[in-house]
Amino acid sequence: MNSTSILSCQKVTVSFDGFKAVQDMSLELAAGELRFLIGPNGAGKTTMLDAICGKVKPAAGSVAFHGKKGTVDVTRRKEHEIAQLGIGRKFQTPSIFSGLTVEENLEIAMSQKRGVWSTLRASMKKIDQERIDAELELIGLGDKKRLRAGLLSHGEKQWLEIGMMLLQEPEILLLDEPVAGMTDKETDKTGELLQEIVRKRTVVVVEHDMEFVRNFASKVTVMHEGKLLKEGSMDEVQRDDRVAEVYLGRKRRDYDVVSSTA
Amino acid sequence: MLSSAILPRRIWLLIGYAVAAAALFSAPLYLNDFRLNLLAKCLAFAIVALGLDLLWGYTGILSLGHGVFFGLGAYAMAMHLKLVSSGSRLPDFMDWMGLTKLPWFWEPFKSFAFAAAMGIIIPAGLALLLGFFTFRNRIRGVYFTILTQALVIITVTLFVGQQAYTGGTNGLTGYTKMFGYSLKSDTAKTMVYLVTVAALILAFLLCRYLVKSRFGKVLRAIRDGENRTRFLGYDPSSYQMAAFAVSAGLAGVAGMLFVLHVGIISPTMMAIVPSIEMVLLVAIGGRGTLVGAVIGAVIMTQAKSELSASYPDFWLFLLGALFIVVTVFLPGGIVGLIRQLRQMITRRRNENELNLNSIVPKSNGIV
């Protein structure tokens, strides 16, 4: 554990009715790092993110978050408290608020006091409006800001959600398959947005698309059957025999992708 | 072009509100006694409908127990009126039940201010308590709705059973005076009507403020995706509790006004059927729009008065049928229907324009 560590998960175990989705998994994140979490289906990647953001409570282990407000074991906190501490989560399916306009989605996502009294008295300050407008510009939805978010296309919804995450200003951002179901063009744009996100904060990305992962020179953690299999750079991971075996045994297409440049 | 299209609409809306308020305030000049009383009742129900809409239309929580909150407000006011009308004697029903002394919790209701405050605080407090145990434990949807029905049954049973303290099945009635004036006089009736109009306007403004504020946006966000709001850092349960309490408080206000117009409150008026009728007011008017709730309440209460007088047995069937028709064919209620029609007209107009200057390719973006 080094001094700039922002999140340290120690021997985390998550079980569902006896089935251990994640087992003795340890994960160390340095501040400002971009980490990819890969592995075959059912490896426990998403569950690991769930354990960090409080969606599931680990049966054993600890998740220590070294944030601005000191070190906190988040396994004892509720979801909204964890979010307020500075851990943001984006789920696989775009989950924007379909009944709100694009602009309203950004407005409530923006970092601010989240209590009932605060939102009752909140007024749109000039600086807030500027932040929202800048964000709309960045995600390219400026001309659709008054549109109900439910009417956006799949890719636009993903961008809106990424925009919401950016305004939320978490210290750690957990992204679950941000480019799943996107066209190539949409994937490229999402990649650009991701680069933007990564500049200012720590990010963990669960991803299946190996081509996409290769665009970023960063550390990769491979999970298999709930456990840590391998950690290192993309090249190291691809050369690893066990990793190849796991992908070969599980899913042919993924194996092809992994081995093609190995 | 867009902003110039929005501005006149806002002005039109303001004019509409002003005309409606003026028409309501001047109603005593052109309506007879019976009509004025009926309208007053409609407006009281409109206040319940506003609160229910805030809860159901905006927060996505369906309560089938608002009869209770309405009833609690009504009983608070009725207790005060009963005490004032009985003078120094014990209220008649207590006498019949063999009580010799006024129960301690009746004592403070001699004060109008106390009774009026309790008419809001008790329903809102009960809602807060129920909300605390349900929303914090993430009980929602159908399960929450069933619990509100249970609340109705418990409350009604309690009020019927404690006859010496509540007047039992007969409820509380037979009050004649308020602030020393006779309630039967024309001036008193006009005053009570005007107070109701003022209360409705205040309730409308309150709901409008809540809905337009960031608080209201969070409520809608919770309706669309409760879990998602959690991961944004909001605690949905505190927002749901707040909405539920405001909604119950408004029902209490409506109950207090209702007693003044009708002169009686009994457990039947807070039971299951009235509770469901209150939800219907919102469904038919158009949930998710405040104007819809008010329109629904006024139209339905009028219709109930007309139809249940001429066909008393038929009314409930009609109510049931109406509920089905609205849920299946008009999910947006009356306001939703008007909106759809308006969209159809503008779309047709746009298409015509596009056909005329066909240089511009037809876009699908507007739909």
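Keep in mind the model is a prediction, meaning the values are calculated, not measured. Numbers restart at 1 for each chain; the letters A, B, ... are given by sequence-line order, proteins then strands.
Residues A:K45 and A:D176 are not paired through a salt bridge, judged by the lack of any N-O separation under 4.0 Å between the basic side chain and the carboxylate.
Looking only at heavy-atom pairs under 4.5 Å with chain B, the residue among A:A122, A:A109, A:G99 that has the most is A:G99. Annotation: maximal heavy-atom pairing with chain B below 4.5 Å, among A:G54, A:S118, A:G115, occurs at A:G115. When the candidates B:G288, B:P236, B:G225 are compared by the number of heavy-atom contacts under 4.5 Å with chain A, B:G225 comes out ahead. Between chain A and the options B:V218, B:D224, B:L210, B:I222, heavy-atom pairs under 4.5 Å are most frequent for B:D224.
Between A:H66 and A:L7, the shortest heavy-atom distance links the atoms CD2-N, 4.0 Å.
Contact of A:S123 with chain B is made through the backbone alone, with heavy-atom distances under 4.5 Å. Proximity to chain B is limited to the side chain of A:M165, based on heavy atoms less than 4.5 angstrom apart. Residue contact with chain B, scored on non-hydrogen atoms closer than 4.5 Å, involves the side chain of A:Q112 exclusively. The part of B:A242 that comes within reach of chain A is its side chain, from C-beta onward, which places non-hydrogen atoms under 4.5 angstrom from that chain. If you measure heavy-atom distances from A:E79 to chain B, the contacts under 4.5 Å come from both the backbone and the side chain. Looking at A:K90, neither its backbone nor its side chain comes within 4.5 Å of chain B, counting heavy atoms on both sides.
Remark: the B:S63 side chain and the B:W56 side chain contain no N/O donor-acceptor pair separated by less than 3.5 Å. At a cut-off of 3.5 Å, with distance as the only test, a side-chain donor of B:Y239 or A:T119 sits close to an acceptor on the other residue. Defined by atom type and a distance below 3.5 Å, a donor-acceptor pair is missing between the side-chain atoms of B:T59 and B:Q240. One side chain, A:R131 or A:S111, offers a donor N or O that lies under 3.5 Å from an acceptor on the other.
The environment of A:E137 atom CD is sparse: at most 12 non-hydrogen atoms of other residues, nucleotides or ligands sit within 6.0 angstrom.
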